[in-house]
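No experiment lies behind these values; they were computed from the predicted model shown.
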Amino acid sequence: MNVHKHRRKRGVILTAQGFEKLEQAKSHAESWENRYKSYTLEALSDRTGLDPDTLMKVFACNVGVDKRTLSRCFRAFNLQLEASDYYPPQREKTISTQYLSPIPLKKAKNQIKHKIDWGQAPDVSVFFGRTADLGLLTQWIQQEHCRLVVLLGMGGIGKTYLSVKLATQIQNDFEFVIWRSLRNAPPIEFVLADILLLLSNEQETHLPESLEDRIERLIDYLKLCRCLLVLDHAEAILQDASGNCSVGYYRQGYEGYSELLKRVGKTPHQSCVVLTSREKPKGIGEMEGKTLPVRILQLGGLQAIEVQEIFKAKGFFYGSTADWSKLVEYYAGNPLALNIVSTTIQKIFDGNISEFLNHNTAVFGELRHLLTEHFQRLSEVEKQIIIWLSLHSQPASFSNLREQISPTVSPQQLLEALESLQERSLIEQKNTFFSVLSLMREYITCDSTSNGRRQKGKLSRSVPPLTIVQ
């Protein structure tokens, strides 16, 4: 006979609002105090005075902690803990040690027919270009029923805005549309709890403890309901590839996202998950294919006519057709880079594109930060490739690069590095020759020049001249 008993969960747990408030404050502090680098668990422990295990419980949002613990965590980021930021775990009935049976899926589905939650999605009421990309993505999802779609490209290329625009265009084809950002690297347990709460019409309050069971529960919903789930900024949950680390591996503690994406890509269901990232997560490539239910779209830059529309919305600019082409080509049609540059052209050069181009000052301010962010995440092999290609104007073949890269680097490692750089749109390939993105070349050469003869000598010693074979 089953013995029923009540178990009282102690402590309090962050609500979605409380977690978001704390994450935003932490992100702001990382931007201003930590040079945009995420705090390590040890750094958070020093800042809050809480031990790492307790901090993991706070951010996991599934285990009760003392209210004073949350207050200390909030005060560390100059926040005041309010009643709406936390809730006590509900008193639950258990049967022996088994997990409480979840609500019937059909019951949850019958209670809600159509729900959209945009989270922190940006406004896309003003949107230019990407007509072909939108058409292709719509075909993949609506007609070819892809289960997992990944948008890849360098920072600022427009992945986030495209994902929102896509979701707004096809939202009527789904019962649920949920858009979530992974920019602040939320634990997967919190993301799953948040999504399951929405899909169950806020009835999934007693979730299984194991991650595997939570993923299984989500898959059940993806099978029963037609859901569109967008996860933006996936690079935040991936490891920095600096040193000898390979690109695409998950950060410690975030490996559960890999299992989630594998289940989404390999399990038959009627929903679609859209992922945006600067880097391709490990495990995606083995599932992806032109006729398979997992697809990857590599985003390129905007065309000159689309860039002119963006500039027109910001004010008056003038230049010849050649000036516009040169501007777009130099910044590889990157919307973020061109937005930053447009402000400078308008304020400093009174909208004169030609005069701006004549000064050869393409990389500055936020653009430098964006490129530094990209460069610091590269592996040592990738950095060597970027530097060699930047310091030598002519494209290089795979054989050329093999001759110049350290003999300790295997051909397999070199191939992986080139593929990774292509996926992040940092290098271009024509036939069998590779060249670096103009903007990145400017960043590398300007840095070596501005750091003086000592830094230039350092680069020349570590990077021998690249011989081009015609």
Side-chain angles (χ1 to χ4, degrees), residues 13 16 19 56-57 59-63 97-109 115 117 119 145-150 174-182 184-239 248-277 280-288 292-295:
I13 296 175
F19 178 85
M56 289 178 69
K57 291 178 182 178
F59 285 93
C61 300
N62 60 4
V63 179
T97 58
Q98 294 181 355
Y99 161 60
L100 185 67
S101 298
I103 60 168
L105 291 176
K106 289 185 178 180
K107 179 181 177 182
K109 181 178 180 180
K115 185 168 185 177
D117 192 313
H145 307 291
C146 287
R147 298 193 287 257
L148 176 60
V149 173
V150 183
F174 293 88
E175 297 170 76
F176 294 89
V177 176
I178 302 172
W179 193 97
R180 289 293 182 266
S181 173
L182 303 181
N184 295 322
I188 187 172
E189 292 82 2
F190 172 78
V191 172
L192 288 172
D194 176 36
I195 294 170
L196 288 171
L197 194 65
L198 287 166
L199 295 178
S200 67
N201 195 25
E202 302 186 355
Q203 294 186 51
E204 288 277 9
T205 55
H206 298 287
L207 295 176
E209 293 293 333
S210 76
L211 178 61
E212 182 180 347
D213 287 340
R214 291 193 183 193
I215 292 175
E216 185 64 40
R217 190 67 175 153
L218 176 60
I219 296 297
D220 288 341
Y221 276 106
L222 299 185
K223 291 178 179 178
L224 184 71
C225 308
R226 185 145 167 78
C227 312
L228 176 64
L229 172 60
V230 182
L231 298 177
D232 188 46
H233 284 290
E235 69 275 357
I237 61 174
L238 302 178
Q239 285 185 22
Y249 283 99
Y250 292 84
R251 289 168 53 180
Q252 185 175 0
Y254 290 85
E255 297 87 353
Y257 279 99
S258 176
E259 182 60 28
L260 170 63
L261 296 178
K262 285 180 182 177
R263 291 297 310 279
V264 167
K266 293 182 177 181
T267 306
H269 56 78
Q270 61 173 325
S271 301
C272 181
V273 174
V274 176
L275 190 77
T276 80
S277 181
K280 183 168 70 177
K282 286 294 182 185
I284 299 292
E286 65 188 43
M287 299 187 291
E288 178 256 348
L292 297 177
V294 177
R295 308 280 175 87

Do the side chain of [X] and the main chain of [Y] share a donor and acceptor less than 3.5 angstrom apart?
X: Q239; Y: Y250; result: yes
X: E175; Y: R226; result: yes
X: S271; Y: L228; result: no

Please find the pair of heavy atoms, one from [X] and one from [Y], that lie closest to each other, and give the distance.
X: S200; Y: Y221; result: CB-OH, 3.1 Å
X: L275; Y: P281; result: CD2-CG, 4.0 Å
X: L198; Y: F176; result: O-CE2, 3.7 Å

Let me see the working for L218 and L199 under side chain to side chain contact (heavy atoms under 4.5 Å, CB included), right down to the final yes or no. CA-CA 9 Å; L218 176 60; L199 295 178; 3.6 Å; yes

Does the side chain of [Y] come within less than 4.5 Å of [X]'s, by heavy atoms?
X: M287; Y: P293; result: no
X: C272; Y: V149; result: yes
X: L192; Y: L211; result: yes
X: E259; Y: R263; result: yes
X: R180; Y: V191; result: no

For H269, give me all partners under side-chain hydrogen bond (donor to acceptor under 3.5 Å, both in side chains), at least two apart in sequence or on another chain. none

In chain order, what residues pass the ring-ring contact (aromatic ring centres under 6.0 Å, His included) check against F190, with sequence neighbours excluded?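 Listed in chain order: F19.
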
Take V150 and K280 through the side chain to side chain contact (heavy atoms under 4.5 Å, CB included) test and state the conclusion after the steps. CA-CA 8 Å; V150 183; K280 183 168 70 177; 5.7 Å; no

Do the side chains of E286 and K266 get close enough for a salt bridge, i.e. N-O under 4.0 angstrom? yes

With a sphere of 6.0 Å drawn around CD of E212, does it hold more than 12 non-hydrogen atoms of other residues, nucleotides or ligands?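 Check fails, neighbour count at 12 or below.
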
